[in-house]
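To start, the structure under review is shown below, and the notes come after it.
For ligands, and for the atoms within them, numbers begin at 1 and follow the listed sequence.
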Amino acid sequence: MSRKIRVVIYGLGPIGSLITKYMVKKGFFEILGGVDIDPSKIGRDVGEVAGLETRLDAKVVSDKDAERFLKEVKPDVVVQSTGTYLDKIYPQIVKAVTAGSNVISTSETLVYPWYRYPELSILLDNLAKRYGVRILGTGVNPGFIFDTLPALLTSVHAEVRRISMVRSMDASKRRYSFQKKYGLSLAPEEFIEGMKKGEYTAHVGYAESILLLGEMLGIEITRVEEGQEPVIADRYMETQYFKIQPGRVAGVHGWGRGYVGDQLFISVDLYASVGREDYDEIFIDGEPSIRWRNSPGVHGDIATASMIINCIPKMLKASPGLITMKDLILPTFSTKI
Ligand SMILES: NC(=O)c1ccc[n+]([C@@H]2O[C@H](COP(=O)([O-])OP(=O)(O)OC[C@H]3O[C@@H](n4cnc5c(N)ncnc54)[C@H](OP(=O)(O)O)[C@@H]3O)[C@@H](O)[C@H]2O)c1
């Protein structure tokens, strides 16, 4: 594409705002406007809402006016960063696609939507193909650390027997919405109850990463398990946003396991709690076996914004439809032609 990529930012929370900031720095994007439901953001300049020093001469419109606005400005890409669950964000994606726009989203469930939402996935795939556009979910995790990155690392393998991964994060270094969804400062029973009701999600995407990675390698994962439990504070702790008494929630340990028959093939463990060491580690048991470790770990917010921005040019080269990171050009270990 010789001209700038014309975008609308749908959801100007911390992540949508960071994406806006880095897009302006890149120089090859033209931001046409934003969409949000927060009344304090509607009608203001996107640059101002995103906390930039410069105005972008692009307004934030209400979600209620999104359909009309998108059809009027016809962006090449709608960057969607409003929520996790595909059933909730589905109407927003439909508005973008029917305006003829490609959609790239930070929704964790959209990274491998066939797992939780098989029917919606078929509808979206058909819709995207009808309008000749792509829909892609990505981010740091799911989207990179537990799926695309290990897939890339397997490129040097003659054989892969098992992949084990750990992402360990100091939750106190993350944004307010992250700390809130990990239940910081709550009583453990309140957090567990809130998780059941969907009020607190902690990490979503263990299964999505496992299934995506399996598909990237051409290996059929026949069973997936996932779970999460609170990490309890053993002393008083404090973050920029929360004061945590001993016995209250200081973070979460979550896990996912992917099996081929009875054999464990992929295991992921995520630890996000206050004061925890920051690192990412991937162990591939195979021929050869390798251990990849990055310390401190990849900063999630910067990485998510960067994944969105860096994947846009590649996404535009993919075939229309509901796509995954597997459809972007990437070398990996492969089991199929
Ligand atoms: N894949 C990954 O690796 C990854 C990484 C980071 C984040 N994420 C996900 O990305 C999403 C965005 O993160 P965030 O921290 O920026 O979330 P956030 O703080 O909830 O911000 C979302 C923004 O979208 C707005 N919004 C909500 N519903 C809307 C609608 N129907 N129409 C228009 N705007 C709407 C919100 O307004 P209100 O504040 O008024 O609700 C808010 O301004 C989250 O779901 C998060 O879990 C994924």
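Sorted by first and then second residue, the pairs that involve residues 121-147 and meet side-chain hydrogen bond (donor to acceptor under 3.5 Å, both in side chains), not counting sequence neighbours, are Asn102-Arg134, Asp125-Lys129, Asp147-Ser209. Legend: side-chain hydrogen bond (donor to acceptor under 3.5 Å, both in side chains) pairs involving residues 171-193, not counting sequence neighbours, sorted by first then second residue: Asp170-Ser172, Lys173-Asp278, Arg174-Asp301, Arg175-Ser177, Arg175-Asp301, Gln179-Thr239.
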With the criterion set at N/O pairs under 3.5 Å, what does the list of contacts between the protein and ligand 1 look like, atom names and distances included?
residue  : atom   : partner : partner atom : Å
ligand 1 : 1 (N)  : Thr106  : O            : 3.3
ligand 1 : 1 (N)  : Pro142  : O            : 3.3
ligand 1 : 3 (O)  : Val140  : N            : 3.0
ligand 1 : 3 (O)  : Asn141  : N            : 2.9
ligand 1 : 3 (O)  : Asn141  : O            : 3.3
ligand 1 : 10 (O) : Thr106  : OG1          : 2.7
ligand 1 : 15 (O) : Arg175  : NE           : 2.8
ligand 1 : 15 (O) : Arg175  : NH2          : 3.3
ligand 1 : 15 (O) : Ser177  : OG           : 2.9
ligand 1 : 16 (O) : Pro14   : N            : 3.3
ligand 1 : 16 (O) : Ile15   : N            : 3.0
ligand 1 : 31 (N) : Asp63   : OD2          : 3.4
ligand 1 : 31 (N) : Gln92   : NE2          : 2.9
ligand 1 : 32 (N) : Asp63   : OD1          : 3.3
ligand 1 : 34 (N) : Ile37   : N            : 3.3
ligand 1 : 37 (O) : Asp36   : OD1          : 3.1
ligand 1 : 43 (O) : Asp36   : OD1          : 3.2
ligand 1 : 43 (O) : Asp36   : OD2          : 2.9
ligand 1 : 43 (O) : Lys41   : NZ           : 2.7
ligand 1 : 45 (O) : Gly83   : O            : 3.4
ligand 1 : 45 (O) : Thr84   : N            : 3.2
ligand 1 : 45 (O) : Thr84   : OG1          : 3.0
ligand 1 : 47 (O) : Thr84   : OG1          : 3.2
ligand 1 : 47 (O) : Glu108  : OE1          : 3.4
ligand 1 : 47 (O) : Glu108  : OE2          : 2.7
ligand 1 : 47 (O) : Lys181  : NZ           : 3.0

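If you chain together hydrophobic residues whose side chains sit under 4.5 Å apart, Trp114 and Leu120 fall into the same group.
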Intermediate values then yes/no, salt bridge (charged side-chain N to carboxylate O under 4.0 Å, His left out), Asp327 and Lys317: CA-CA 10 Å; Asp327 301 301; Lys317 292 192 185 109; over 6 Å; no
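With sequence neighbours left out, Arg161 forms a side-chain hydrogen bond (donor to acceptor under 3.5 Å, both in side chains) with Asp285.
Side chain to side chain, Thr222 and Glu220 fail the donor-acceptor criterion of an N or O pair below 3.5 Å.
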